[in-house]
Amino acid sequence: MSASPVPLLAAPLDAAWLQAAGADLDEDGAHLLARVAAWAGPRFQAQQALTGEPLINHAAGVVRLLAGLQTDAPTRAAALLAALPPETLPASTSRSDPIAAEFGAQTAKLLAGSQALLRLNVTARQASDSEAASGDQKEMQRKMLLAMAADLRIVLMRLVSRLQTLRWHAETKVPCPPELARETLDLYTPLANRLGIWQVKWELEDLSFRFLEPERYKQIARQLEEKRAEREAFIADAVARLSQALKHAGIEAEVYGRPKHIYSIWNKMRIKRLDFSELLDLRALRVIVADVRACYAALALVHEMWAPMIEAFDDYISRPKPNGYRSLHTVVADVEGRPFEVQIRTREMHQFAEYGMAAHWRYKEAGAKGGQVAASSDYDRQLSWMRQLLAWNSDLETREGAAAAQAGDGHIYVLTPQARVIELPDGSTPVDFAYHLHTDLGHRCRGARIEGQMVPLHTRLATGQTVEIIAAKSGGPSRDWLNPQLGYLASPRARSKVRLWFNAIELAQRITQGQALVEKELQRLGKTAVNLEQLAQSLGFARADDLYVAVAKEEFSLRHIDDAFQQPAPADDAPHVPRFTRSADSAEASGKSGVLVVGVGSLLTQLARCCRPAPPDAIRGFVTRGRGVSIHRADCASYRALAERESERVIDVDWGNTADTFYPVDVSVRAHDRPGLLRDLSEVFARLRLNVVGVNTQSKQSLAHMVFTVEVRDGQALHRALDALAAVPGAISATRR
């Protein structure tokens, strides 16, 4: 659009600007930015953007914003050059690039990426409606988005450039074209959200909303202003009280009022159909503490001081948002019933919440390659799924599908109804998706919706689709799922879980069958009062169930039961089953688990025997009936089943003082059976000074399976033991159960 000329800044690239724009850069970075500013400044002259904004003002503002996002020097330098009209820049050839020669390869690469993106953006805008619906145009738009995701710094440059444009419209009162504001909400704010750059996202949203819905914007602004004095007094009092309470509790914290954003207020009113007066979080505090434990301690203190509204509590620390956001959110009410929100997070979480991935943007030198930069694997993974997500609005042509498969590197990326991104192998189905979310959900999967439409369970999923699983209340998988010809499963992980289900069913059937045969034999012998567990152990089995399975599989003859009752008492020199004694500092003997229940006073805790947790395992708590809190490993299948069934009894726990406590863990050793094997394995534990408190052995067809219960202080001692056991002659594997 045409606009009346706007005066230039007095000296937009002067020394004061350079100092602010080069903030936090090292000497080399500041020197690069100064050289680029000196070179580019005269080339801007009095040229303006299509909006009417002087290009030199735009460049100066963009670089200042990028400095606030703590980007590197090449990003700021490239952003300054990208604001120049293309004809003022020297052309590069296949043999040389003047920008690279003058300002470095990184700066030139970022500038080229930004220019290519701008050209694609202009072409897409100029297309007619009919062309926009064509396959070629959609492909072009996807290429534009892929270019944005190719390097995070180009994304930041584009986001900040758009923010500077909107700021200029707001400051100069030059009308903003509605299509520019709409494009910002449709394209740029979702990008900022996915990258977690809330500082930029909120301002983009507020400015776009202000231009698109000026009356509604002003109405909400007036309503906020009417209660501002009362709200600020309330917040000041709450900040003072909470700061004092935290200090008294020995928790170092920074407490302040949290600003409210008009677009987010309107969006919440619209989505939840609430009146302005019904909003619960217009008054809001933010608490910044040192670490995660302090987060939960502060939460407990907040809930002591004010009445919590439990339905409004969100724990984004244990369950982060898909874009990595972490924080505790709670809504509480004062004595007069006035609700207000409290957000609690660490300094690191706060940095990420403000700047997203830009908060810890780090490049590392690629060693011998000299000067080449490479992003971290986590960052590459983030960009990989982002490239895939950005193609979600279209049905890919064959050539596009091939490109997407290449970009995805053998994986697809689909979403849950809550917009969580799930990575699956290429060719995965809704059944694979269900098993990835939860084993029990996979077992109970009976149907699926893709983008709201019912589909067969063997449907192949595509990147960007939203998948919803329809599950029965109970039940198990179908054997058809294991038939590769039917195409129900592509994931080895899901296939393994289905096999385990049927193995467990088969095991239960064999136990029942074997128990019936054993009990029938005992009836025949007139020994119905015998203890079956003791009988199984006297016959060389760890448990009665193992005896039943061996009988059902005809691997153990029933006549050996009769022989057991006929055996004479063992001679003095006969082998005997050792008796094991737990150490005095054992967690099971002393009852001291060393586990803290987060945010709650002293509670009885016990270590679950199903998974035997030990430091530094990630652990979870489950409130039992009458036996306190049962502590499980986070990956324990029993815990996951309990949590799925009764999620309200799950409680956060953490390791406390574990220095003087021994923890029992089960070590499984599989080996070729030979004389002296048990002695050699026992010598390993003796050499490492580890107390063995139990052992179960089984031998079948020259293979031995032994399970030792060993007391260890921490994971390091366990790893040493596993390595030493695996080195014993004849050992096949040594693992923790």
Side-chain angles (χ1 to χ4, degrees), residues 238-239 241-256 258 280-281 284-321 324-334 339-354 592-608 613 615-624 628-636 639 642-643 646-659:
V239 166
R241 288 185 59 198
L242 183 54
S243 298
Q244 184 64 31
L246 289 165
K247 183 177 180 181
H248 183 72
I251 302 171
E252 291 187 13
E254 179 184 348
V255 186
Y256 55 88
R258 183 173 69 86
L280 298 179
D281 56 353
L285 301 185
R286 182 169 287 148
V287 182
I288 310 295
V289 295
D291 53 36
V292 171
R293 183 174 295 181
C295 286
Y296 289 98
L299 176 68
L301 189 60
V302 168
H303 285 178
E304 283 180 19
M305 295 177 64
W306 295 289
M309 303 176 71
I310 302 302
E311 69 278 3
F313 172 71
D314 289 299
D315 184 349
Y316 295 122
I317 292 180
S318 62
R319 293 180 295 277
K321 288 186 176 182
Y325 176 84
R326 300 176 73 208
S327 185
L328 294 175
H329 291 192
T330 187
V331 176
V332 294
D334 67 1
F340 62 99
E341 184 188 53
V342 182
Q343 293 183 356
I344 306 170
R345 58 179 68 148
T346 66
R347 174 62 55 187
E348 181 184 3
M349 293 173 194
H350 181 62
Q351 283 292 102
F352 186 87
E354 292 295 301
K592 297 178 181 178
S593 67
V595 176
L596 300 174
V597 180
V598 177
V600 184
S602 178
L603 289 179
L604 172 67
T605 60
Q606 57 177 346
L607 302 177
D617 294 337
I619 54 175
R620 299 288 184 270
F622 187 82
V623 181
T624 65
V629 179
S630 180
I631 308 302
H632 296 258
R633 280 158 55 185
D635 58 357
C636 173
Y639 164 77
L642 291 169
E646 297 179 272
S647 59
E648 71 278 3
R649 293 167 63 188
V650 172
I651 190 168
D652 287 336
V653 295
D654 202 356
W655 295 110
N657 181 11
T658 63

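Not measured: the values here are computed from a predicted model. Basis for what follows: all heavy atoms, side chains included, without hydrogens, waters or symmetry-related copies.
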Checklist entry - Within the side chain of Trp655, is there an N or O that forms a donor-acceptor pair under 3.5 Å with the backbone of Asp617? => result yes

Under the side-chain contact (heavy atoms from CB on, under 4.5 Å) test, which residues partner [X], sequence neighbours left out?
{"X": "Ala307", "answer": "none"}
{"X": "Ala608", "answer": "Cys610, Cys611, Ser630, His632"}
{"X": "Val650", "answer": "Phe622, Tyr639, Ala643"}
{"X": "Glu254", "answer": "Tyr256, Ile288, Arg347"}

Item to check | Any pair counted as salt bridge (charged side-chain N to carboxylate O under 4.0 Å, His left out), so long as it reaches residues 241-253, sequence neighbours left out | outcome: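 Of all non-adjacent pairs touching residues 241-253, none passes salt bridge (charged side-chain N to carboxylate O under 4.0 Å, His left out).
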
Checklist entry - What's the verdict on side-chain contact (heavy atoms from CB on, under 4.5 Å) for Leu246 and Val289, showing C-alpha distance, side-chain angles and the deciding distance? => result CA-CA 10 Å; Leu246 289 165; Val289 295; 5.6 Å; no

Only counting residues at least two apart or in another chain, list the ones meeting salt bridge (charged side-chain N to carboxylate O under 4.0 Å, His left out) with [X].
{"X": "Arg326", "result": "none"}
{"X": "Asp635", "result": "Arg633"}
{"X": "Asp315", "result": "none"}

Checklist entry - Can you name the side-chain hydrogen bond (donor to acceptor under 3.5 Å, both in side chains) partners of Thr330, sequence neighbours left out? => result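 Expected list: His303.
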
Checklist entry - Are Gln343 and Tyr316 side-chain neighbours, meaning at least one heavy-atom pair lies under 4.5 Å? => result no

Next on the checklist: So Asp654 and Tyr296, do their side chains get closer than 4.5 Å, heavy atoms only?
Outcome noted: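 No, side chains not in contact.
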
